[in-house]
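Heads up, the thing below is written out as C-alpha cells.
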Amino acid sequence: MTEIHTYAPRHDEPARDAHRAAWEERYQSRPAVWSGQPNQPLVDEIEHIAEPGRALEVGCGEGADAVWLAGQGWLVTAVDLSATALERAAVLAADAGVAQHITFTDAPVEDVIAGSEAFNLVTSLYTHPDAGGRWLVDTLASAVAPGGMLLVVAHHPTDPHAMEHPDLRTTAFDAAEVSDALDRDLWEVSATVRERTTRMADGHERLWRDSVLAARRHG
Ligand SMILES: C[S@@+](CC[C@H](N)C(=O)[O-])C[C@H]1O[C@@H](n2cnc3c(N)ncnc32)[C@H](O)[C@@H]1O
C-alpha cells in the first residue's frame with residue numbers, strides 16, 4: 001500500500017488554507033477530475049532522459065504524471081494540497097505497480113524542499129498556485145541539483161479556456177516572463193508557448209495554449 005505523508009496544517013497561512021479548501025471541494029465533488037493519462041508536455045520533455053534519478057512533482061493531482069515518471073524509472077516525491085487527490089493518486093500508483101517508487105505528501109512544498117536532498121528533476125504541470133508563477137519557479141528552482149532539470153507548464157494567459165475562467169485568468173502565466181527568476185549564469189532556459197488539441201467527452205476538439213518552461217541547471 002502506498003504511504004501518504006500527511007501534514008498537520010499550521011493554520012497560519014490563510015491564503016493557502018483557502019486554496020487547499022477550494023481544491024479539496026473540487027476533488028470531492030467528482031469521483032475523478034483528470035483523465036488518468038500523463039500530460040503530453042511532460043512526456044515530450046522527459047521521455048528521452050536516459051538516466052532517471054530523483055524527481056519532485058508539485059501539484060500532482062490524481063497522480064497520472066507521478067505514476068508515469070515512476071514507470072520511467074524515476075524515484076518520485078509527489079506533493080499536492082488535496083488529501084482526496086493524493087488518496088486517488090496512491091490507488092493509481094498501487095494499481096500501476098509503482099507504489100514503492102513514489103512518496104506522496106500534502107506538506108507545503110517549501111518544507112519538502114528544505115527536508116530533502118536536491119532533485120535531478122523538478123516538475124509542476126498546471127499547478128497555478130495562489131502565490132503565482134514567479135513564486136513557483138523561484139521555489140522549485142531551489143530544489144534542482146546541478147545538472148538537473150526544471151519543467152514548469154501552465155496555461156498561457158491567452159489560452160482560450162483560461163480566458164473564460166476567472167480563476168485561471170488570474171493564475172495563468174507566461175513562461176518567458178516568470179523565467180526571469182532564473183539566473184542565466186546558472187541555467188540554460190527554454191521558454192515557449194505551445195498549442196495542442198484534445199478531444200473532449202462531447203466529441204469536440206479543444207485548443208489549449210501552454211506556457212512551457214524547461215531549464216537545465218549547469219553542472
Ligand atoms: C489543475 S490541477 C493539475 C493536477 C495535475 N498536475 C494534472 O495536470 O493533472 C492543480 C493541482 O495543483 C494543486 N496545487 C495548487 N497549489 C498548490 C500548492 N501550493 N502546493 C501543492 N499543490 C498545489 C491542486 O491541489 C491541484 O491538484
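Every number for a ligand or one of its atoms is a count from 1 in the order of the listing.
For His165, the ring-ring contact (aromatic ring centres under 6.0 Å, His included) partners are His161, not counting sequence neighbours.
Inspection of the His156 and Asp174 side chains reveals an N or O donor paired with an N or O acceptor under 3.5 Å. Trp34 and Tyr126 are not linked by any side-chain donor-acceptor pair at a separation below 3.5 angstrom, with hydrogens and angles left out of the test. At a cut-off of 3.5 Å, with distance as the only test, no side-chain donor of Ser179 or Arg134 sits close to an acceptor on the other residue.
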Determine whether Arg209 and Thr158 satisfy the following criterion, side chain to side chain donor-acceptor pair (under 3.5 Å), listing intermediate values before the conclusion. CA-CA 7 Å; Arg209 195 167 293 125; Thr158 62; 3.2 Å; yes
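Contact record, Phe173 with Val152: CZ-CG1, 3.9 Å, taken as the closest heavy-atom pair.
Within 4.0 Å of ligand 1, contacts by protein heavy atoms are made from His19, Trp23, Tyr27, Trp34, Asn39, Gly59, Cys60, Gly61, Asp80, Leu81, Leu125, Tyr126, Thr127, Pro129.
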